K.L.:
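Just dropping this structure here.
Heavy atoms only: backbone and side chains are in, while hydrogens, waters and symmetry mates are out. Lettering follows sequence order; numbering is per chain, from 1. These figures come from a predicted structure and were not determined experimentally.
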Amino acid sequence: MVEAYKTNECDVLIIGAGGAGMRAALAASDAGLKVIVVTKSLLGKAHTVMAEGGIAASLGNVDPDDNWTVHFADVIEEGVYISNWRMAELVAKEAPNRVFELEKFGALFDRTPDGRILQRAFGGHTYRRLCHVGDRTGLEIIRTLQDQIIHRKNVTVMDEMYITKLVLADGRVSGAIGLKMDRGEFNLFKARAVVMATGGCGRVFKVTSNSWESTGDGIGLAFNAGAVLQDMEMIQFHPTGMVYPPGVKGLLVTEGVRGEGGILYNNQKERYMERYSPKKKELDARDVVARANYAEIQAGRGTEHGGVYLDISYKGAEFVKQKLPSMYHQFMEFAGIDITKEMMEVAPTVHYQMGGIRVDPDTGATNIPGLFAAGEVACGLHGANRLGGNSLADILVFGKIVGEGATKFATSENMPGFDEQEINAEIERVKGLVHPDGLNAYKLIDELTTAMSDNVGIVRDQEHLEIALKKILELKEKYPRVSAPGGLKYNHGLLAALELGNMLIATEAIVRSAIMRPESRGAHTRRDYPKKNPEWLKNIICSKDGDGMKFDTVPVPEIPEELKKYVKPEVY
Amino acid sequence: MDKINLKIYRKDPSVDEKEHYDTFEVPYVDGMVVLDAVRYVEENLDTTLAIRWNCKAAKCGSCSAEINGFPRLMCKTRIDKVGFNITVNPMGAFPLIKDLVTDVTGNWDILRKIPPFTPKELGPDQHFSMKQEDVERSKEFRQCIECFLCQDVCHVVREHYTDYFGPRHIVKAASLDMHPMDTIDRSTFLNKEGGLGYCNITKCCQEVCPEHIVITDNAIIQEKERAVDLTYDPLAMLIKGRRKKEKRVV
Ligand SMILES: Cc1cc2nc3c(=O)[nH]c(=O)nc-3n(C[C@H](O)[C@H](O)[C@H](O)COP(=O)(O)OP(=O)(O)OC[C@H]3O[C@@H](n4cnc5c(N)ncnc54)[C@H](O)[C@@H]3O)c2cc1C
Ligand code: SF4
Ligand code: SF4
Ligand code: FES
């Protein structure tokens with residue numbers, strides 16, 4: 001008889017091979033543990049590879065006045081005071097160490113004239129703070145970490161392994177079940193500790209900068225295992241995504257363009273950011289610039305394809321090609337536009353989930369013993385608005401912290417037990433999706449993402465949120481009838497069916513949290529509640545309740561006095 | 001013209017003895033790339049079609065295939081550049097998994113063999129000091145997105161079952177050799193262990209590289225020349241050695 005599944009044992013199982021997952025793997029490997037890293041794409045292809053502009057770390061190489069306290073204050077203030085202060089402190093203090101560490105691993109950052117790491121300006125950062133490699137910082141980070149990983153004897157990478165469920169035993173997470181896509185084979189992972197590093201959920205929207213894999217799997221997996229989610233209403237729109245041609249709608253135009261001097265114009269040739277943000281102009285925080293772009297387009301001052309203009313051509317061809325090579329090629333090849341001569345057309349695009357799994361700042365532990373999380377899938381650092389460059393800092397700083405947290409847990413706990421029945425039931429569930437007679441998951445995904453983009457946009461209101469919720473609930477009803485023809489091997493139709501389950505959880509949490517927050521704060525803007533409300537200086541949390549979801553609010557942890565002095569008090 | 005005639009290679013080697021082609025009609029949208037057309041098929045016409053993609057922005061190197069016989073990224077190939085009759089095949093140099101998806105994991109085994117970054121001692125402030133112009137020399141090679149299209153097109157890798165690592169991996173070694181802080185020279189190693197001598201400089205690899213890396217001229221030929229210098233000319237070895245590299249790995 002052929003075995004129903006293959007069994008793999010390790011000390012720490014890491015789900016995700018983006019920056020967070022790989023950095024976590026190094027931490028556990030440093031401690032001598034046996035580590036397995038699984039990823040749903042190939043090694044080296046994770047979403048992190050797309051990151052462009054840079055990583056924020058207060059080295060002070062360009063602006064000597066910069067230091068961790070300023071970075072800390074920027075995170076708290078621009079996150080509109082609902083960030084977790086301890087996470088902000090850790091990132092501000094540790095990011096420089098992670099950058100230097102990357103350099104020691106072999107990463108090559110751009111340099112200052114005196115040979116140190118060069119830093120560029122980015123929206124919302126008080127000083128020029130982003131260490132960068134042209135506009136391909138993510139690629140450099142991924143390759144550098146990948147080089148480390150492949151030379152470690154105690155780390156095994158299993159790519160194209162799609163995790164379908166976390167397994168629980170004795171009140172703790174004991175492992176996971178995955179489908180090895182290239183073989184159509186089920187795998188059971190037994191682990192003392194499990195780290196979620198699955199990235200974000202941008203793909204639940206139609207127009208997004210995110211890669212194929214960002215479907216909120218980690219949100220769904222953790223939620224189903226009983227983990228608490230937080231701040232799910234906080235979805236970041238990046239101010240500048242491509243608008244034309246249709247095939248690349250949403251594709252990111254890095255903030256680096258504005259960092260290097262790019263100027264936004266409407267169709268009247270007006271530099272409108274002078275009106276919306278006289279001081280910071282194009283380099284104000286993302287939520288501010290994104291809303292301005294949106295407002296200009298809504299007011300009929302947009303471009304032919306429904307965007308606004310972004311101009312960097314005045315800086316000259318040589319400068320543009322050296323500082324922004326990927327952008328130059330991206331526009332040349334996808335849109336046939338030479339950005340050294342012409343203006344770009346851009347519009348807001350869904351970019352980042354600030355919310356996610358609620359974690360302990362110092363270990364990355366979730367509320368479920370044995371389950372840890374870090375990176376975009378985790379929540380707390382960015383509050384209501386993430387600053388550019390802070391995500392790469394986040395994934396490296398908390399990647400290391402979560403790796404150490406999981407190591408500590410794994411070394412003090414035994415290998416947990418397993419419920420054979422639960423494993424078989426999960427395998428049957430997945431197999432049950434493979435038949436030709438059901439609904440095509442892609443059709444449902446299209447309906448879901450369209451509803452999200454149409455109704456849960458940059459400016460929200462009760463009416464449209466309710467429309468989105470109705471659609472989500474309707475699709476949830478239909479979900480049991482989804483199926484995919486073919487077999488278990490490399491079947492994207494099956495993958496779509498599995499992903500849709502997670503997308504429905506993520507979207508329901510997003511929309512219900514958005515309905516719950518009757519104010520405008522950071523990325524969450526309500527047309528019907530345009531003001532910020534001191535009563536909502538809170539985090540919204542959400543967890544599983546039978547077949548449904550329950551919601552609550554928790555106070556934002558109070559910043560200790562010795563840190564408070566760095567932060568401007570909140571004004572209403 | 002508003003319809004694309006798309007012919008796609010189909011085979012699952014674990015069940016099919018022979019490949020066949022399926023032909024699909026796909027509506028054309030302005031600015032469309034081949035990946036859009038293939039995904040249209042996968043989402044609307046045949047969800048069992050196996051394809052691999054991730055970023056759809058020419059940044060991850062997942063969507064490599066042979067489009068009308070030419071190795072390209074599907075997400076970077078505009079329909080209006082290749083015409084409306086399109087045949088898509090999987091990369092021929094790698095073992096087939098299913099349809100357009102191939103097994104490229106053998107590349108990790110090669111990467112593992114290349115001696116990793118081996119830095120100098122740190123400066124007194126515990127940090128590297130490097131000039132931008134020195135960083136630039138390695139940068140070209142670090143743009144590699146590991147699409148393996150160059151491996152696919154290389155006739156040595158494809159047909160001659162030698163121990164040649166292939167162009168991607170010479171680029172990798174060059175990126176390390178050109179790192180201003182690295183202390184070893186990998187050229188002799190590439191010659192001895194990596195079969196560099198099998199490359200006969202046809203330059204096909206640099207023609208297909210979507211990142212426009214000048215693979216043959218800037219990486220392969222440089223490594224070859226250094227390997228030759230180091231083997232036959234002790235003086236050159238001394239000079240080069242003093243200029244940059246302290247150690248050689250063989
Ligand atoms: C275009 C673009 C540009 C950006 N630029 C910047 C920038 O300049 N600076 C900055 O700070 N941030 C930037 N960001 C944001 C940043 O890149 C991401 O937030 C960050 O890389 C997320 O890293 P991560 O490690 O958390 O997850 P990811 O890199 O998303 O990795 C997730 C991993 O989890 C795996 N996974 C997911 N689900 C499953 C499953 N079910 N089973 C198995 N594996 C699974 C995936 O395969 C992948 O390996 C950018 C984002 C985009 C889209
Ligand atoms: S130049 Fe060398 S590596 Fe490149 S394709 Fe020709 S033989 Fe292969
Ligand atoms: S060198 Fe160019 S063609 Fe070869 S793998 Fe890298 S990016 Fe692809
Ligand atoms: S999908 Fe990433 S390179 Fe084509």
K.L.:
Cut-off 3.5 Å, side chains only: do Glu146(B) and Asn107(B) have a donor facing an acceptor?
P.N.:
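Not at all, the side chains of Glu146(B) and Asn107(B) share no donor-acceptor pair under 3.5 Å.
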
K.L.:
Answer with side chain, backbone, both or neither: which region of Val15(B) has an atom nearer than 4.5 Å to a non-hydrogen atom of chain A?
P.N.:
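It is neither, since no heavy atom gets under 4.5 Å.
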
K.L.:
Return the option, out of Pro245(A), Gly138(A), Ala46(A), with the maximum number of heavy-atom pairs under 4.5 Å with chain B.
P.N.:
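Highest number of heavy-atom pairs under 4.5 Å: Pro245(A).
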
K.L.:
Would you say the side chains of Asp217(A) and Thr198(A) form a donor-acceptor pair under 3.5 Å?
P.N.:
no

K.L.:
Sort out for me which of Lys131(B), Met130(B), Lys59(B) touches chain A most, counting heavy-atom pairs under 4.5 Å.
P.N.:
Met130(B)

K.L.:
Taking atom types as modelled, is there a side-chain donor on Glu42(B) or Tyr442(A) under 3.5 Å from an acceptor on the other?
P.N.:
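A donor-acceptor contact under 3.5 Å links the two side chains.
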
K.L.:
Relative to chain B, which segment of Leu251(A) carries a heavy atom at a distance below 4.5 Å: side chain, backbone, both, or neither?
P.N.:
side chain

K.L.:
Counting heavy-atom pairs under 4.5 Å with chain A, which one of Asn44(B), Asn54(B), Leu35(B), Thr48(B) comes out on top?
P.N.:
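Counting heavy-atom pairs under 4.5 Å, the top option is Asn54(B).
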
K.L.:
Select, from Arg112(B), Met32(B), Arg142(B), Lys98(B), the one with the greatest count of heavy-atom pairs under 4.5 Å involving chain A.
P.N.:
Arg142(B)

K.L.:
Taking ring-ring contact (aromatic ring centres under 6.0 Å, His included) as the test, write out the residues that go with Phe70(B), two or more places apart.
P.N.:
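Result, ring-ring contact (aromatic ring centres under 6.0 Å, His included) vs Phe70(B): none returned.
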
K.L.:
For chain B, which of Gln146(A), Arg116(A), Lys443(A), Arg143(A) has the most heavy-atom pairs under 4.5 Å?
P.N.:
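Top option by heavy-atom pairs under 4.5 Å: Arg143(A).
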
K.L.:
Checking heavy atoms, do the side chain of Asp36(B), its backbone, both or neither come under 4.5 Å from chain A?
P.N.:
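Answer is side chain: those atoms of Asp36(B) sit under 4.5 Å from chain A.
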
K.L.:
Yes or no on salt bridge (charged side-chain N to carboxylate O under 4.0 Å, His left out) for Arg52(B) and Glu160(A), after CA distance, side-chain angles and deciding distance?
P.N.:
CA-CA 10 Å; Arg52(B) 183 187 276 142; Glu160(A) 303 203 319; 2.7 Å; yes

K.L.:
Would a distance-only check, ignoring hydrogens and angles, find a side-chain to backbone donor-acceptor pair under 3.5 Å from Thr47(B) to Ala484(A)?
P.N.:
no

K.L.:
Please look at Ala335(A) and chain B and tell me whether the side chain, the backbone, both or neither of the residue comes under 4.5 angstrom of a heavy atom of that chain.
P.N.:
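For Ala335(A), the contact with chain B is made by the backbone alone.
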
K.L.:
With a 4.5 Å cut-off on heavy-atom pairs, point out which of Met181(A), Glu52(A), Gln330(A), Gln148(A) contacts chain B the most.
P.N.:
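Max contact count across the listed options: Glu52(A).
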
K.L.:
Decide whether a cation-pi geometry holds between Lys40(A) and Trp212(A); the criteria are a distance under 6.0 Å from NZ or CZ to the six-membered ring centre and an angle within 45° of the ring axis.
P.N.:
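Lys40(A) over Trp212(A) ring: yes.
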
K.L.:
Counting heavy-atom pairs under 4.5 Å to chain A, which of Lys139(B), Arg39(B), Glu136(B) comes out on top?
P.N.:
Lys139(B)

K.L.:
Which bit of Arg152(A) is near chain B, if near means a heavy-atom gap under 4.5 Å: side chain, backbone, both or neither?
P.N.:
neither

K.L.:
I need the residue from Val135(B), Leu49(B), Thr105(B), Val33(B) with the largest number of non-hydrogen atom pairs under 4.5 Å to chain A.
P.N.:
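That would be Val135(B).
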
K.L.:
Look at the side chain of Lys45(A) and the backbone N and O of Cys60(B), then say whether any donor-acceptor pair between them is shorter than 3.5 Å.
P.N.:
yes

K.L.:
Please classify the contact between Asp147(A) and chain B as side chain, backbone, both or neither, with a heavy-atom cut-off of under 4.5 Å.
P.N.:
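Looking at Asp147(A), just its side chain touches chain B.
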
K.L.:
For the residue pair Tyr490(A) and Asp12(B), confirm or rule out a side-chain donor-acceptor distance under 3.5 Å.
P.N.:
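The answer is no; no qualifying pair exists.
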
K.L.:
Quick check on the interface: out of Gly44(A), Gly247(A), Ser326(A), Gly486(A), who has the most heavy-atom pairs with chain B under 4.5 Å?
P.N.:
Gly247(A)

K.L.:
Hey, are the side chains of Pro27(B) and Tyr40(B) touching, using non-hydrogen atoms and a 4.5 Å cut-off?
P.N.:
yes

K.L.:
Any ion pair linking Arg111(A) and Glu103(A) (charged N to carboxylate O, less than 4.0 Å)?
P.N.:
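Salt bridge flag = yes for Arg111(A) with Glu103(A).
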
K.L.:
Check this for me, if you would: do Arg10(B) and Asp16(B) make a salt bridge, where the nitrogen-to-carboxylate-oxygen distance has to be below 4.0 angstrom?
P.N.:
no

K.L.:
For Glu213(A), is it the side chain, the backbone, both or neither that has a heavy atom under 4.5 Å from a heavy atom of chain B?
P.N.:
both

K.L.:
Hey, which of Asp46(B), Asp99(B), Ile114(B), Ile51(B) has the most heavy atom pairs under 4.5 Å with chain A?
P.N.:
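Counting heavy-atom pairs under 4.5 Å, the top option is Ile51(B).
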
K.L.:
Look only at the side chain of Ser175(B) and the backbone of Ser138(B), and say whether a donor-acceptor pair between them is shorter than 3.5 Å.
P.N.:
no

K.L.:
Could you tell me which portion of Phe334(A) (side chain, backbone, both or neither) has an atom closer than 4.5 angstrom to a non-hydrogen atom of chain B?
P.N.:
both

K.L.:
Please classify the contact of Ala107(A) with chain B as side chain, backbone, both or neither, using a heavy-atom distance under 4.5 Å.
P.N.:
backbone

K.L.:
Is it the side chain or the backbone of Leu43(A) that comes within 4.5 Å of chain B heavy atoms, both, or neither?
P.N.:
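For Leu43(A), backbone and side chain are both near chain B.
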
K.L.:
Side chain, backbone, both or neither: which part of Tyr244(A) has a non-hydrogen atom closer than 4.5 Å to chain B?
P.N.:
side chain

K.L.:
Counting only N and O atoms by type, is there a donor-acceptor contact under 3.5 Å from the side chain of Gln119(A) to the main-chain atoms of Asn61(A)?
P.N.:
yes

K.L.:
Any side-chain donor-acceptor pair under 3.5 Å between Ser209(A) and His351(A)?
P.N.:
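There is such a pair (donor and acceptor under 3.5 Å, judged by atom type) between the side chains of Ser209(A) and His351(A).
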
K.L.:
Side chain from CB out, backbone as N, CA, C, O: work out which of these in Leu108(A) comes under 4.5 Å of a heavy atom of chain B, or both, or neither.
P.N.:
both

K.L.:
Using heavy-atom distances under 4.5 Å, tell me whether Asp159(A) contacts chain B through its side chain, its backbone, both, or neither.
P.N.:
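Contact with chain B is through the side chain of Asp159(A) alone.
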
K.L.:
Given the options Lys104(A), His47(A), Met242(A), which has more heavy-atom pairs under 4.5 Å with chain B than any of the others?
P.N.:
Lys104(A)

K.L.:
So what's closer than 4.5 Å to chain B heavy atoms on Asn440(A): side chain, backbone, both or neither?
P.N.:
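Side chain only.
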
